[in-house]
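Notes to accompany the following structure.
Owing to the predicted nature of the structure, the values given are computational and were not obtained by experimental measurement. Residue numbering restarts at 1 for every chain, and letters A, B, ... go by the order of the sequence lines.
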There are 2 protein chains.
Amino acid sequence: METRLEKARKDPESMKARILAVARRIFGEYGFHGTTTRMIAQDVGIDISTLHYHWGEKKDLYEAVILDINTDLRRSLIDVETIIHGRPLAERMAIAIDVMTDYLFAHPEVSNLILLRYFGKTRHESSLDFKVPEFTGDIARSMGLTNDPKNIPPRAMMEVLTVMNALHNFVSGENFFRPMTGLQREDYILAAKETLKLILIPAFVERDRMRS
Amino acid sequence: METRLEKARKDPESMKARILAVARRIFGEYGFHGTTTRMIAQDVGIDISTLHYHWGEKKDLYEAVILDINTDLRRSLIDVETIIHGRPLAERMAIAIDVMTDYLFAHPEVSNLILLRYFGKTRHESSLDFKVPEFTGDIARSMGLTNDPKNIPPRAMMEVLTVMNALHNFVSGENFFRPMTGLQREDYILAAKETLKLILIPAFVERDRMRS
DNA sequence: GATCGCCTCCATCATGTGATGGAATCATCG
DNA sequence: CGATGATTCCATCACATGATGGAGGCGATC
């Protein structure tokens, strides 16, 4: 049985899908408490009642958004993994950083929502089991940090988080960081990629060489 | 002429200072929109009117909090710089990471508020000139990335941001990341330090060696 | 065309929240 | 003591926001 979320994703012209797309953007910009249902409805061009008709409570819509971006992010990670499979570590990481950075800059609300979830509390607690642990497991295996993605050592988890968060930071912080640098958007993205590769790769490559 | 903020900091028992301290914590946890003036007043144990009497509008109190954590962070950075002055780069970075991580874990609202400011919009725009550029300038010089802290190359700025944000991420994301790892608080802090040193230092040290 | 069900909007409600006026309390000083 | 100013709290307001009921419209099916 397909969920409402899956159904909405199928037809991007449906009202449910249009609301979800706008909700992703607005929630991503302003966070849960900073977003009002009226802001979303107005951006879609509909009445608030219509929004409630399709998605119920604000919290339900928000959780649908979270599930939605998780699905997207997971798919992107899988795509990347098929690309980099079999290559040497330094190359794997460089490609992964390039591809994932491009993806996240094209969908900044993904990074926004993930980081806001990490760092900000919601007054009402959510019953969502966030899929981060699974992600980190996949990435840890992909980076050669573990062979058993179900049982990741804490240190490997911390290393994966450091890498992923470094990406999210540049994407989500663009509004703040880019004016500081005075760079145009394309140059900023390029600088982010190069900086990430410069800082993140050597430590892993060096350790990899030591072990073999 | 001393500002209201400076006066409040002098006497930590004054009502103004007590409100400010609580406001730091609550704003840090829930962000601007997620925090209500009633939450703060209740935690201090006073009426909302008393809060408004001392600090005026909610936004004014929030901006006072931002200025306050900036002052604190800046002072900590200066302290670190005097400690690490004159040592070789690898040692400088290791000490800086240790000391700053300890400081931030002792005052997590600093990291929380900084990251929420980076990544989340506020519906009302703030007229605060955030002091990030100056920070990055100081740190960039301290890391040997530039000689002129007033005019930092974009790449150096990005590198400093990567390092600082990596610290903030572990501190501010503790509620999310620590359950994932299953670590106790002290072990989590230790793992954060070691991971940060492991990943962040080699790239800079290697480049430093290449250049000399 | 009549009926039915789905969708949308207008009007409205209940509550949460920021903010204020004014009375009461307290400390200080002559 | 009495006066003055500073501080605190109670009662209340105005508005934003989440949410709902019900009327109207629109298309499909018979």
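The distance from atom NE2 of B/H54 to atom P of C/dT20 is 15 Å, rounded to the nearest whole Å. Spacing between atom CG of B/L51 and atom P of C/dG18 amounts to 10 Å, rounded to whole angstrom units. Summarising the geometry, the separation between CD1 on A/I48 and P on D/dG21 is reported as 15 Å, rounded to the nearest angstrom. One atom, CE of B/M15, and another, P of D/dT7, lie 10 Å apart when rounded to the nearest Å. What separates CZ of B/R123 from P of D/dA16 is a distance of 11 Å, to the nearest Å. As a whole-Å value, the separation of B/Y62 OH from C/dG18 P is 14 Å. Atom CH2 in A/W55 sits roughly 13 Å away from atom P in C/dT8 (whole-Å rounding). The separation between A/H33 atom NE2 and C/dG18 atom P is 12 Å, rounded to whole Å.
Closest to the side chain of A/I46, from the set C/dC9, D/dA19, C/dC7, is C/dC9. For B/S49, the listed nucleotide lying nearest its side chain is C/dT20; candidates were D/dT8, C/dT8, C/dT20. Of all nucleotides listed (D/dT8, D/dC10, C/dA19), D/dC10 comes nearest to the side chain of B/D47. With D/dA19, D/dT8, C/dT20 as the choices, the nucleotide that has an atom nearest any side-chain atom of B/T50 turns out to be D/dT8. Picking from D/dC9, D/dA6, C/dC6 the nucleotide with the shortest atom distance to the side chain of A/Y53 gives C/dC6.
Under a 4.0 Å N-O distance rule, the pair A/R18/A/D43 does not qualify as a salt bridge. Between B/E109 and B/R25, no side-chain nitrogen of the basic residue sits less than 4.0 Å from a carboxylate oxygen of the acidic one, so the salt-bridge criterion is not met. One finds a salt bridge joining A/K121 and B/E29 here, because a Lys/Arg side-chain nitrogen approaches an Asp/Glu carboxylate oxygen to under 4.0 Å. For B/D187 and B/R178, the salt-bridge test fails: no basic side-chain N is under 4.0 Å from an acidic carboxylate O.
Within residues 34-45 of chain A, the residues approaching DNA chain D are A/T35, A/T36, A/T37, A/R38, by heavy-atom distance under 4.0 Å.
Side chains of B/Y103 and B/V110 form a contact here, defined as non-hydrogen atoms less than 4.5 Å apart. A/N70 has its side chain out of reach of A/R74: every pair of non-hydrogen atoms, C-beta onward, lies at least 4.5 Å apart.
Residues forming a salt bridge (Lys or Arg N to Asp or Glu O under 4.0 Å) with B/D79 (at least two apart in sequence, or on another chain): none.
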